[in-house]
Amino acid sequence: MKPLKDIKKAVITHKTPDFDALASACAACVIHGCDAVLTVTSYESNVEDYYNEEDVSLPVIRIKEREFKEIEHLELLIVTDCKLKERTAPLEWLIDKADKVIVYDHHPSHGRDIIADEARIDETGSTVTIIIRKMKALGFVPDKALATIMILGLYEDTGLLSFSSTTPEDMTAAAFLLKAGADLEMVSEYVKRDMSKEQVFVMNELLVNMSLFHIQGATVGLSHATTDRYVGEIAVIAHRIMDMESMDALFIAVRAGERIVLVGRSRADEIDCSVVMTRFGGGGHPSAASAIVKKMTLTECVDLLKIVISENIHPVRLARDIMTSPVKTVPITGTFEMAMDLFMKYNLNMMPVVDNAGLPVGLISRRDILQGIKHGLKSEPVRSLMQIEFRTVEPDVPYYLAEEMMLSLNQKMLPVVKNARLEGVITRTDLLRLMHEEITKLPRHQQTKQPQKLKNIRSLIKTCLPDRVVKILEEIGKLAEQMGLNAYLVGGVVRDILMQNTNMDIDIVVEGDAPALAKRFASIKKAKVSEHFKFKTAVVIFKDGFRVDFATSRTEYYTNPASAPEVENASIRNDLYRRDFSINAMAMKLTGENFGQLLDFFGGQKDIQDKKIRVLHSLSFVDDPSRCLRGVRFAVRYGFAVGPHTEKLLKHAVSLNLLDRVVGQRMYLELKYILSEDYFIDALMMMKKYDMLKFFHEKLAIDDFKLDRFAVLKKINGWYSFQFEDKLEMWISRFCILFADLNKQEMKKLASRFEITGRLYDDLAETFNKFKYAVWQIKRLKNVRASVITEIFEGMKTEAVTASVAVLGQEYEWLLKEYLTVYRFTAPALTGNDLKVMGIPPSDIYGEIFKEIKRAKLDHEISSKEEEAAFAKRIAQERGIRL
């Protein structure tokens, strides 16, 4: 693709493009012979997934705003799926740069403000349909990749050809694309249909009535609902529930009038829905089937359904029965590029990494390799990213034990090894018999043949949290249940409950509308509520300042290392998967009878027991390098070790200098948090061990002198906390000592790295510079007088004063104690009124007199009020004032 400066013909569309926008742009680019489709903003979430997950080659360039200046002039600009200039922002300026402008759009023509040489606007179901009209006129037939994304755009904007805006031409356009080879499987994968109000009501009832039972190692969901109204496409509801819940199969029975609609869905080869539905006079496919039942009550139907399901689930098989063999592998000496070639050639999702003898030494996933290549790591060896913590299994192990092992370890592939030979591998595709290999990218949680009892921590929270907070959690859970929502206590507070630590940072994640729950709860409790509409979060603040944070469950996608993530709604499992470490990726259920049930999908409990810090996936530090610093912080706080695979990934992130990409203020905050820890020295030594200090300043070093100064500071702070009630911000003192060898200009450079400006910069720079000045001044004093010390320390933060004395050494501690207990409280006994009575007229001289009196009192030159009066008169007379 051409460099930006050489692009003369381009296509743009509206910001946050959906499938119709991106597909019509790509199609227009091809038929008009343009150089590229230019985009800046992120895409709709499903488009982003498609673009990242599928092996497609599209003529798209994502440009950054700093690159705008490279495009000075265009011969042709095409705008698709948009007719309003402001919707093309921030690329709207290109319209004025082009000699010729063409607009393709399917929205009503009124309101258009883009002045175009050609405007092909028609009220069809999608813009793709209008582009196809042009294709047919040219005799052009798109290739399979282009036809596929075009049919995605057509189907999405027409609601799978069901919206009232759909025209006959949209129908023929779909036929045209199918004939060209469009892949309809992609439609079911990436185009989601909105549900009607009636369907939502029925789905809520089904979720409430859902029960799970386990037969032959399979988890089967069974539920029922009743509706007085006609509900179209009940199968859509079943499909949605299967997307939301972790189960092998789902069977639902919905009574609608005089009949019962049965729908079955299966992900497991052991459960054939068509066989089950045949018993009820229906039919279908093994993975999807349905039936209509009459002359039977709903209770009778559900009971019979349970029996039929039990009778038709196949026996459990062994690992050898379900494993994939022979196995495609990548050598440990291979690169990301080599691995990607193998993934693409054999259409694999994961491979073992093997040594020279052919035995597995690691696991590598297509997703990690793809993300790594996107981050510029094409030539990196796979050993740098491979998962080295994994288990193997023998061929005769039962299926359900292999499954349990994979889930408990969050292991996506299980090598089958016998007699030092790799016999095969078990993948999630093998386990669930899914028709599409990439139907899900995240690990799935389910019960197995011998289900372990889920841990309930209700009793633990009562020992860690005040009764008031426990009651608040219970009230939130009940309210969420009334509103048809699932609510969870998440994150650090759950971790600390398991570790029996008190943590009052209450974070609630809601599967559904979190702000709605927060506002309702605040209304009941007569508390304040603040909503952040963009991020679907809210905070409830009680009258005493106690706060509860609410957030809608979401997932994140990183398009570049250290970049801000793209966010979309998701299940609680996906919400936890986006977090930094396994110990922080747990939740406690607040709704229903299972209040207190612990959700631990990624082994957080085990890592707490093993005292280990572990990331959830291999690109965690690439996605967000600041997690390197958080990992250090949590490790020293709890006395944990960094897990071997996580440590390898951390070292690799450091070697790639990824921390240089972390936003400055995030670096500043992470350092502040580290310096606020009790064991901050251990954290600094870990950062030194992993060569992380250089990312703050090239001169930053930890040596014996600084360690000794930190020891003196600890002693000083101990004395201070015993003498005074106010709490010091310890991190400020530690910050001053840590960077004590920087000069004023180097401090400015550090502040620039932290990207801090305004009051924050003034405060930090002033504190640091006064600290440096105090150390310099006191060191050069030949005669240490109380007045001089007071003049130096006055106006300084106490934290800077303590840091100054710590750097000066123990022999100066008496100065600190005298200043803090005596000098700073010394003041003249005289007042302004006293001076006025003495005949000194009010003027600036009052300040000078009081300053001189304080100096003289500190140096014991005067002591009584009478001496102060005489001293004041003498100063006034010296300044020419007659008394």
Count the heavy atoms of every other residue, nucleotide or ligand shown that sit under 6.0 Å from OH of Tyr673, and state whether that count exceeds 12. no

Would you compute the distance between atom CE of Met405 and atom CD1 of Ile426 and round it to the nearest 0.5 angstrom? 9.0 Å

With no hydrogens and no angle check, just 3.5 Å: does a side-chain donor-acceptor pair link Tyr488 and Glu511? yes

With rounding to the nearest 0.5 angstrom, report the CD1 to CZ distance, Ile674 to Phe634. 10.5 Å

Does the pair Leu629 and Val662 meet the rule for a side-chain contact (heavy atoms from CB on, under 4.5 Å), with working shown? CA-CA 11 Å; Leu629 299 171; Val662 178; over 6 Å; no

Could you give me the CA-CA distance, side-chain angles and deciding distance for Arg579 and Asn584, then say whether side-chain hydrogen bond (donor to acceptor under 3.5 Å, both in side chains) is met? CA-CA 7 Å; Arg579 296 171 189 267; Asn584 297 330; over 6 Å; no

Shortest non-hydrogen separation from Val220 to Phe251 and the atoms involved: CG1-CD1, 3.9 Å

Separation between CG of Asp507 and CG of Asp505, rounded to the nearest 0.5 Å: 6.5 Å

Regarding Asn349 and Arg366, is there a side-chain donor-to-acceptor distance under 3.5 Å anywhere? no

Sequence neighbours excluded, which residues qualify as ring-ring contact (aromatic ring centres under 6.0 Å, His included) partners of Phe19? Tyr50

Between Ser582 and Asp607, a side-chain donor and acceptor under 3.5 Å: yes

Using ring centroids (six-membered ring only for Trp), state whether His617 and Tyr577 fall under 6.0 Å. yes

Please report the closest heavy-atom contact between Met504 and Pro466, naming both atoms and the distance. SD-CD, 3.7 Å

Greater than 12 external heavy atoms within 6.0 Å of Arg391's CZ: no

Lys606/Asp610 under salt bridge (charged side-chain N to carboxylate O under 4.0 Å, His left out): CA gap, chis, key distance, verdict: CA-CA 6 Å; Lys606 188 174 187 303; Asp610 295 342; 2.9 Å; yes

Please determine which of Lys612, Arg614, Met686, Lys651 meets the side chain to side chain contact (heavy atoms under 4.5 Å, CB included) test together with Val642. Met686

Establish, from distance only, whether the side-chain atoms of Lys374 and Gln371 form a donor-acceptor pair under 3.5 Å. yes

Counting heavy atoms not belonging to Tyr679, are there more than 12 under 6.0 Å from its OH? no

Gap separating the CD1 atom of Ile572 from the CG atom of Asp575, nearest 0.5 angstrom: 5.0 Å

Test item: Arg547 and Phe542 side chains (from C-beta on) under 4.5 Å apart, heavy atoms: no

Do Phe581 and Leu616 have side-chain heavy atoms sitting under 4.5 Å apart? no

Do Thr537 and Glu531 meet the criterion of a side-chain donor-acceptor pair at a distance under 3.5 Å? no

Start with the C-alpha gap between Tyr638 and Asp496, add the side-chain angles, then the distance that decides, and say whether side-chain hydrogen bond (donor to acceptor under 3.5 Å, both in side chains) holds. CA-CA 10 Å; Tyr638 300 113; Asp496 288 338; 2.9 Å; yes

Test salt bridge (charged side-chain N to carboxylate O under 4.0 Å, His left out) on Glu475 and Lys525 and set out the steps. CA-CA 10 Å; Glu475 290 171 341; Lys525 305 302 290 186; 3.0 Å; yes

Apply the side chain to side chain contact (heavy atoms under 4.5 Å, CB included) test between Leu590 and each candidate in Ile476, Val509, Val510, Asn486; give the one that qualifies. Ile476

Does the side chain of His645 pick up a donor-acceptor pair with the side chain of Ser618 at under 3.5 Å? yes

Among Glu389, Met386, Gln411, which one satisfies side chain to side chain contact (heavy atoms under 4.5 Å, CB included) with Leu363? Gln411

Nearest heavy-atom approach of Asp580 to Ser620 is O-OG, 4.0 Å

Spacing of Ser365 atom OG and Leu370 atom CG [to the nearest 0.5 Å]: 9.5 Å

Should Asp600 and Gln605 be marked as a side-chain hydrogen bond (donor to acceptor under 3.5 Å, both in side chains) after you check the CA-CA gap, both sets of side-chain angles, and the distance that decides it? CA-CA 7 Å; Asp600 179 16; Gln605 296 175 87; 3.1 Å; yes

ring-ring contact (aromatic ring centres under 6.0 Å, His included) filter on Phe680, not counting sequence neighbours, yields Phe710

Please report the closest heavy-atom contact between Val382 and Ile369, naming both atoms and the distance. CG1-CD1, 4.4 Å

Arg573 NZ/CZ over Phe601 ring centroid, <6.0 Å and within 45° of normal: yes

